[in-house]
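Just the heavy atoms: all of them, side chains too, but no hydrogens, waters or symmetry mates, feed the values below. Letters A, B, ... mirror the listed sequences (proteins, then strands); counts begin at 1.
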2 protein chains.
Amino acid sequence: MQSQHRSPCPVACTLDVIGDKWTLLVVRDMLLGRTQFKEFSASPEKIATNILTDRLNKLVEHGLAERQSSEEVAGRVIYQLTPKGKSLKPVIRAIANWGLKQIDGTEIRLKSK
Amino acid sequence: MQSQHRSPCPVACTLDVIGDKWTLLVVRDMLLGRTQFKEFSASPEKIATNILTDRLNKLVEHGLAERQSSEEVAGRVIYQLTPKGKSLKPVIRAIANWGLKQIDGTEIRLKSK
DNA sequence: CTGTATCCAGCCGGATACTG
DNA sequence: CAGTATCCGGCTGGATACAG
């Protein structure tokens, strides 16, 4: 089911999906190869667990991520971006570039696993 | 004065500035050449006037836009993007492209003044 | 480990009315 | 025209505890 749009504008519609302070940070972590709840939870921005749960569910709802349960280890779940989710990479890159250039004190710390 | 950052990540810091459902829509309108309160207010997304006031003030605070009063016409105010604000164009474009490709029913309506 | 459940303060934002 | 003021319901998100 397609949710109601504020307008046909692609910017407005996209913001309805990723327009908040947390969603893209989770996507960023996924692009860095992180897959587990605790990994997202350990990011320096310290997202609250209830918010993380909410954002993960919404990412899955919107088809940006997939949830997979391990059958080996009980309670072992991983999240991965779908192609649709991965296609946000240029958006993240544009945002990162803007921050690097326009905001003092920002830097990329590459510590992907 | 530099506000407190959640982390040094350029994505997180940028989201602290533009990470909501309204700010980038105002920037979008400004990139389309709109300058007046009523023009932003007339956009199809129907931003509430108190929210619009808030976002315009924050854009000015963050140095993304400038406010200019006309001395000819009383009560005539215009907002314009600064170079820093204009440098968000690649971000908007990336977002627009993603929406056009990934969300059904979106389209660009060019009716700049 | 991966969440869910609460509590709860504060912010967001729609509607409306009003001011200079 | 360009806002400000206010009411107010609902969402956001931090802290913490608890469950499968």
Side-chain angles (χ1 to χ4, degrees), chain A residues 3-7 12-13 15-30 33-62 65-80 113, chain B residues 3-7 9 12-13 15-27 29-30 33-62 65-80 113:
Chain A
S3 49
Q4 210 69 356
H5 294 155
R6 293 184 284 180
S7 80
C13 292
L15 289 176
D16 283 337
V17 179
I18 58 161
D20 74 276
K21 293 195 189 308
W22 294 109
T23 301
L24 282 183
L25 293 183
V26 178
V27 175
R28 172 204 63 182
D29 284 355
M30 288 178 171
R34 279 153 210 164
T35 59
Q36 298 177 49
F37 192 94
K38 73 159 185 185
E39 291 180 302
F40 307 133
S41 196
S43 283
E45 293 85 12
K46 293 294 159 209
I47 186 171
T49 60
N50 54 345
I51 304 300
L52 178 53
T53 296
D54 179 78
R55 294 306 188 275
L56 285 170
N57 287 336
K58 282 179 177 163
L59 284 172
V60 171
E61 279 174 29
H62 287 121
E66 274 176 350
R67 179 194 157 104
Q68 284 162 5
S69 306
S70 164
E71 303 173 3
E72 324 288 303
V73 189
R76 184 49 142 272
V77 176
I78 67 168
Y79 294 90
Q80 279 175 311
K113 61 171 209 179
Chain B
S3 50
Q4 211 68 356
H5 294 155
R6 293 184 285 179
S7 79
C9 173
C13 292
L15 290 175
D16 283 337
V17 179
I18 58 162
D20 74 275
K21 294 194 189 309
W22 294 110
T23 301
L24 282 183
L25 293 182
V26 178
V27 175
D29 285 354
M30 288 179 172
R34 280 155 208 163
T35 59
Q36 297 177 48
F37 192 94
K38 73 157 187 188
E39 291 180 301
F40 307 132
S41 196
S43 283
E45 293 85 12
K46 293 294 162 210
I47 186 171
T49 59
N50 55 344
I51 304 300
L52 178 53
T53 296
D54 179 77
R55 294 306 188 273
L56 285 170
N57 287 336
K58 282 180 177 164
L59 284 172
V60 171
E61 278 175 30
H62 287 121
E66 274 176 350
R67 178 194 158 104
Q68 284 162 5
S69 306
S70 165
E71 302 173 3
E72 323 288 302
V73 189
R76 184 48 143 271
V77 175
I78 67 167
Y79 294 89
Q80 279 176 311
K113 60 171 212 179

How close or far is atom [atom2] of [N] from atom [atom1] of [X], stated in whole angstroms?
X      : N       : atom1 : atom2 : result
K21(A) : dC11(C) : NZ    : P     : 13 Å
Q36(A) : dT2(C)  : CD    : P     : 5 Å
Q68(A) : dC1(C)  : CD    : C1'   : 17 Å
L52(A) : dA15(D) : CG    : P     : 15 Å
N57(B) : dC12(C) : CG    : P     : 13 Å

Go through [options] for me and flag the one nearest to the [X] side chain.
X      : options                 : value
T53(A) : dT4(C), dG13(C), dC1(D) : dT4(C)
R55(A) : dC1(C), dT4(C), dG13(D) : dG13(D)
T49(B) : dG13(C), dA5(D), dT2(C) : dA5(D)
F37(A) : dA2(D), dG13(D), dT2(C) : dT2(C)
A48(A) : dG14(D), dG3(D), dT4(C) : dG14(D)
V77(A) : dG3(C), dG14(C), dG3(D) : dG3(C)

Are the side chain of N57(A) and the backbone N or O of T53(A) linked by a donor-acceptor pair below 3.5 Å?
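Flag set: sc N57(A) to bb T53(A) pair under 3.5 Å.
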Within the 4.0 Å heavy-atom criterion, would you say F40(A) contacts the bases, only the backbone, or no part of the nucleic acid?
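No contact.
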Residue whose nearest DNA chain C nucleotide is more 5′ - N50(A) or R67(A)
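That would be R67(A).
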Name the residue closer to the 5' end of DNA chain D, choosing between K38(B) and D54(B) according to the nucleotide with the nearest heavy atom.
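It is K38(B), whose closest nucleotide lies nearer the 5' terminus.
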